Amino acid sequence: MIDHQKTVHEQFDPRAQAYLQSPVHAQGPDLLYAQDLVAQAMPPSGVALDVGCGAGHLSFALAHNLSSVTALDSSPSMLSTVDRVAAERGLSKIHTVLGDAAALPFEDGTFCVAATRYSAHHWATPMAAVREMRRVVKPGGYLLVIDVMGEDDWLVDTHLQTLELLRDRSHVRDYSVAQWRTMMRDAAFTEIGYREWPIRLHYESWIQRMSTPANKAAMIRELQTSAPREVRKRLAFESDGSFTVRTGLLWARAKPA
Amino acid sequence: MDKRLLEILVCPLCKGPLHYQREQNELICKADRLAFPIRDDIPVMLEDSARILTDEEVKALH
C-alpha cells in the first residue's frame, strides 16, 4: 500500500507533456481573468507563488506582469517541464521548487499573491495548505484559487467525485464553493470576488491525459448511463462520455493580523 | 541556485533558516538535522527526500 503523496507522484510524473499541451489547462477564460486580476491588484514589482503549478500555465500567465513567480509542485518532471518551457520563452523570473502544499518551504510574508490552479483537488489536507498560503503572503496579500468546484447538490456531487476518482486514483475531491469559503475564512482571508465558468471535458482526451485504465474508463461510462436524470442534466453528459463541470475562481485578501 | 530563491527558502518543517552547502549542493536545516538535496537546480523541499545529518556533520556546523 502506498501513501497519497506517492500516488499523486505516480499519477502525474509521467504526464507532464500531456498537461503542457492540454487545452483545458493551457487556455481557458479563468487564466486570462486571473492574469488581469493580479495585474490590477499589484505593481510589476510583485512576487507570486503558484502552488501545485503542474505544467506551469498559471505561472507563465502571471509572470508577464510580475517580477518573479515561484512555481511549486511535488512532481519533478512537471518542474523540469516548467524550467524547459520558461527557458524557451525567455522567462528567467520563474523559479521552480519541489515541495508539498501543506508544508511550504518559504519564509512568512514573502509573496504578494499565493495562487493555485487545478491542483487543490489533489490536496488531502486543504485547510493546512490554505493556512500555509496565508502564512507566506505579505500583510494585505492576496489568495487566488482556481479549481473544478464540487456540487452543492450531494447527489450530483457524489457522481462527480466518483467519476473523478475512477479516472484518477490520486483525486481527493473537488471542494465546493461553500467549503472554500469556510477554509478561507478560517485562515483569515476575506473574499473579494468569485467567478465561475462551465468547462466541457472532452471524454477521450480527459481519459487519455491521465492514462485511465480501460476497466475504469468502462466504469465511468457505466456510471454515466445509469446516473439519475438530475445528475445527467447538471453534468450535461453527452453520448460520447464528454461532460461539463464548473471551474471556479476565488479571489481573497489576507486580513490584517 | 538562484540567489533570490535562496533568500526566501526555509525548512518546510520548522520554517527556520537553511544553510546552503555548496560542495554537496544541499540545503541544511540545523534544527531538524536534515539536508535537502538540490537536483537539476531544483531544491527538493520534502522531508521524505531529505538526508538525515550525522552527529559529525551537525558538530561541524557549529
Side-chain angles (χ1 to χ4, degrees), chain A residues 2-9 13 16 45 47-49 51 53 56 66-84 86-87 91-112 114 128-129 131-132 134-138, chain B:
Chain A
I2 60 169
D3 63 20
H4 177 64
Q5 200 170 48
K6 185 105 194 298
T7 307
V8 174
H9 178 90
D13 216 49
S45 59
V47 289
L49 170 67
V51 180
C53 64
L66 299 176
S67 76
S68 87
V69 179
T70 301
L72 177 127
D73 205 273
S74 61
S75 155
S77 80
M78 287 286 182
L79 293 177
S80 307
T81 302
V82 173
D83 279 340
R84 178 173 56 79
L91 291 167
S92 60
K93 50 189 170 182
I94 293 181
H95 306 299
T96 47
V97 176
L98 197 88
D100 176 7
L104 295 176
F106 308 107
E107 196 134 31
D108 295 6
T110 298
F111 302 99
C112 304
R131 281 194 209 285
E132 277 289 81
R134 174 68 181 83
R135 181 182 66 76
V136 301
V137 296
K138 294 175 195 281
Chain B
M1 265 293 282
D2 184 87
K3 217 177 141 195
R4 277 187 303 175
L5 180 58
L6 210 50
E7 280 168 13
I8 61 169
L9 282 176
V10 298
C11 171
L13 280 73
C14 70
K15 317 299 181 192
L18 296 167
H19 303 274
Y20 177 49
Q21 290 253 318
R22 198 174 301 272
E23 312 78 59
Q24 283 163 305
N25 206 26
E26 288 175 332
L27 293 162
I28 308 288
C29 173
K30 243 197 264 187
D32 287 306
R33 303 170 64 120
L34 291 174
F36 297 93
I38 300 170
R39 294 179 190 142
D40 300 326
D41 237 22
I42 300 171
V44 179
M45 307 307 292
L46 295 172
E47 187 182 1
D48 288 353
S49 305
R51 185 174 67 82
I52 298 167
L53 296 177
T54 62
D55 287 344
E56 289 72 36
E57 284 178 306
V58 175
K59 267 183 215 148
L61 290 170
H62 290 287

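Every value quoted in this text rests on a predicted model; they were computed, and no experiment measured them. Each chain gets a letter, A, B and so on, in the order the sequences are listed, and its residues count up from 1.
- Heavy atoms of other residues, nucleotides or ligands lying less than 6.0 angstrom from CD of B/Q24 number more than 12.
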Donor-acceptor pairs under 3.5 angstrom involving side-chain atoms of residues 97-108 of chain A: please list them, not counting sequence neighbours.
residue: A/D100; atom: OD1; partner: A/A102; partner atom: N; Å: 3.1
residue: A/D108; atom: OD1; partner: A/R135; partner atom: NH1; Å: 2.7

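- The part of A/T70 that comes within reach of chain B is its side chain, from C-beta onward, which places non-hydrogen atoms under 4.5 angstrom from that chain.
- At a threshold of 4.5 Å between non-hydrogen side-chain atoms, the residues A/Q5 and B/D48 count as touching.
- Looking at heavy atoms from C-beta onward, A/D83 lies in side-chain contact with B/I42 at the 4.5 angstrom threshold.
- Heavy-atom proximity under 4.5 angstrom to chain A picks out B/D2, B/R4, B/L5, B/E7, B/I8, B/L9, B/V10, B/P12 from residues 2-14 of chain B.
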